[in-house]
Amino acid sequence: MTGVPALNPRRACVIGAGFGGLALAIRLQASGVETVLVEAREKVGGRAYAWQREGFTFDAGPTLITDPAALSGLWSLSGHDMADDISLTPTAPFWRLNWPDGTQFDLTGDEASLTREVAKAAPGDLGGLDDFLRYSAGALAEGYRRLGNVPFPDLATAAKALPALLRQQTWRSLWSITAAQVKDEHLRQALTFQALLIGANPQTASAIQALAVKLEQDTGVWWPNGGAGQLAEAMARHFARLGGTVRLHDPVVHVHTLGNRATEVETQSGWKERFDAVASNADIMHTYRELLAGTQRGAEMARSLARKRYSPGMFLVHFGLEGSWPGIPHHMALFGPRYTGLLDDVFEHGVLPQDHLILLDHPTVTDPSMAPPGKSTFRAMIPVAHLGKLPIDWDTVGPMLEKRVIDEVGRRLIPDIHDRIVTKFHYAPRDFALDFNAYLGSAFSLEPVLSQTAWLRPRNRDTKIANFYLVGAGAHPGAGVPAVLGSAHATAKLMLEDLK
């Protein structure tokens, strides 16, 4: 007598091994879904890429992690410990903020310390700061804790979330809600610039983005030892430990469909396999315009996406210096003489400004392994308009802008900076477009304006192709490590329900 044959396990393919794709693949594999993760480049990480030059490690990915529990949860799903693969180190202060007029203060997780800092720079706004922190706490509770990893597959689900979002006045902009509570220009900038880290303009982003300040206070700001690239490698090791398969250096060229279902994934090498479900962590325009080329849904979505607003690009300058700089913290924001005008130039007018807001990372002050002994690694990052608004020749402009950025860091912090440079290079929007298929060279995919938020953002499950899913910055809830991990959580929930 023969026994009943075992059911074949469900199989899923995840395209793109950025943080969103890695997190989704881990969740699926940990739940018993046989998962293949396909990555175009020679190593995992997506935009969390790292270069090794002359003994320096230059990390392209996010230099800060908030809500580390969202990461460690990927290991605890299967009873493992994240510390077996990667460790995180807290950074303090969270940010040191510096203005050309000499104003400077630190953002920290200690409210008493923060109050002292604000009392020195803007004593008349202490009450307004309390009001802002209360608002930020409410935004965090509703926008992140309750809705950050919840999918919005239909209008009914979105309608249930609407009352809470209305209570938070999410129709107002982040700048509007902040300016109503604090009057000092420095403090307004200090409480809103974090929106740039998800590709948002503080003047047009929903006020719900105020949650970033409280999220940092509640969960801290952390550095993955070895850099974001090492964190991606740790996630890949854990995925493999669970039995998952990673295909590297083999770009997906087509997702085949039959009727309203995705059936096969095909790569550049000629590899082709059938799957029960397919999810894309690739650039959202690339996903529909190229990977689903030849399908009605691909063409329809590509036309729709072309009409949307996209986040700006980022211009990154990586440089290694002789010497150690214990007085320069891990994260600094060097504000320029303008703020709202600068944002208008970048987000609206497509102008390359003469002045800049520089987000400066100095990882060796936390993790000396990022540079040879006695040397330091830095990254300066400035927002610039995407290629659709600023179609300039970056091969020509890049070296000039690189020098201008390094000059300003030297003027503000390291007077003999040019004499100390061991190695340097820059990375422009054109590089994002070439390396990551990033539409218009955008660093953060769709701009998180109110009309492209939550229900109005591309869904985690496609509305026409029943077993095709999205994860990452282009999907709900958006860009930034916590949001991308939330996206993976939401997408995994849908996929696991559907695969039953």
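Count residues from 1 along the sequence.
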Can you tell whether the side chains of D131 and R134 come within less than 4.0 Å, N to carboxylate O?
yes
Under 3.5 Å, is there a donor-acceptor pair between the side chain of T219 and the main chain of L215?
yes
Is the NZ atom of K403 crowded by more than 12 outside heavy atoms at less than 6.0 Å?
no
Using modelled atom types only, decide if a donor and an acceptor are shared between the side chain of R430 and the backbone of G441 within a distance under 3.5 Å.
no
Going by atom types only, do Y427 and D435 share a side-chain donor-acceptor pair under 3.5 Å?
yes
Between V118 and L187, is any pair of side-chain heavy atoms under 4.5 Å apart?
yes
Below 30° counts as parallel, above 60° as perpendicular, anything between as tilted: where do the rings of W99 and F335 land?
parallel
So do F347 and E447 actually touch side chain to side chain, heavy atoms under 4.5 Å?
yes
Test side chain to side chain donor-acceptor pair (under 3.5 Å) applied to T89 and D367, N225, T366, the passing residue:
N225
Hey, can you tell me if F425 and F58 have their rings parallel, tilted or perpendicular (30° and 60° cut-offs)?
perpendicular
Sole residue of T364, I414, I417 in side-chain contact (heavy atoms from CB on, under 4.5 Å) with F378
I414
Between D101 and T103, is there a side-chain donor-acceptor contact under 3.5 Å, judged purely by atom types and distance?
yes
Ring-ring centroid check F105 W95, cutoff 6.0 Å:
no
Does either side chain, that of N281 or that of Y469, offer a donor lying less than 3.5 Å from an acceptor on the other one?
no
For residues Q203 and D344, is any side-chain donor paired with an opposing acceptor at under 3.5 Å?
yes
Does the R457 side chain pair with the main chain of A475, one donor and one acceptor, at a distance under 3.5 Å?
yes
Do side-chain atoms of T192 reach the backbone of R188 as a donor and acceptor pair under 3.5 angstrom?
yes
Residue pair P429 / V384: nearest heavy atoms and the distance that separates them
CG-CG2, 3.6 Å
Could you tell me whether the side chain of D184 and the main chain of H186 form a donor-acceptor pair under 3.5 Å?
yes
Start with the C-alpha distance between R297 and T463, add both sets of side-chain angles, then the distance that settles side chain to side chain donor-acceptor pair (under 3.5 Å), and finish with yes or no.
CA-CA 9 Å; R297 180 57 172 165; T463 58; 3.0 Å; yes
Ring centres of F94 and H331 under 6.0 Å apart?
no
Output yes when a side-chain donor or acceptor of S76 lies under 3.5 Å from a complementary backbone atom of G73, and no otherwise.
yes
Quick one: does NZ or CZ of R461 land under 6.0 Å from the six-membered ring centre of F468, within 45 degrees of the ring axis?
no
For the residue pair Y339 and W175, is the inter-centroid distance of their aromatic rings smaller than 6.0 Å?
yes
Salt-bridge contact R338-D345 (side-chain N to carboxylate O under 4.0 Å)
yes
If only side-chain N and O atoms count, and only distance matters, is there a donor-acceptor pair under 3.5 Å linking E300 with Q296?
no
So, K493 and E497, do they make that salt bridge, N to O below 4.0 Å?
yes
Side-chain heavy-atom pair L196, F444 within 4.5 angstrom cut-off
no
Got a donor-acceptor contact below 3.5 angstrom from the H476 side chain to the N460 backbone?
no
Verdict with supporting geometry, D407 and E402, side-chain contact (heavy atoms from CB on, under 4.5 Å)
CA-CA 9 Å; D407 284 348; E402 174 189 284; over 6 Å; no
Give a yes or no answer on whether the side chain of T66 reaches the backbone of V221 with a donor-acceptor pair at less than 3.5 Å.
no
side-chain contact (heavy atoms from CB on, under 4.5 Å), that's the test. Do L359 and L197 meet it? Break it down for me.
CA-CA 9 Å; L359 303 175; L197 298 173; 3.7 Å; yes
Stepwise side-chain contact (heavy atoms from CB on, under 4.5 Å) check, Y288 with V255
CA-CA 10 Å; Y288 283 102; V255 176; over 6 Å; no
Below 4.5 Å, heavy atoms only, C-beta onward: do N201 and L174 meet side chain to side chain?
no
So do K389 and H386 actually touch side chain to side chain, heavy atoms under 4.5 Å?
yes
Do Y310 and Y439 come close enough that some side-chain heavy atom pair is under 4.5 Å?
yes
Taking S311 for the side chain and G199 for the main chain, is one N or O donor matched with an acceptor at less than 3.5 Å?
yes
Testing the 3.5 Å rule here: is there a donor-acceptor pair between the side chains of H356 and R404?
yes
Please round to the nearest 0.5 Å and tell me the distance separating atom CG of L334 and atom CD1 of I382.
11.5 Å
When you compare the side chain of Q104 with that of R96, does any pair of heavy atoms fall below 4.5 Å?
yes
I284 versus P458: any side-chain heavy-atom pair under 4.5 Å?
yes
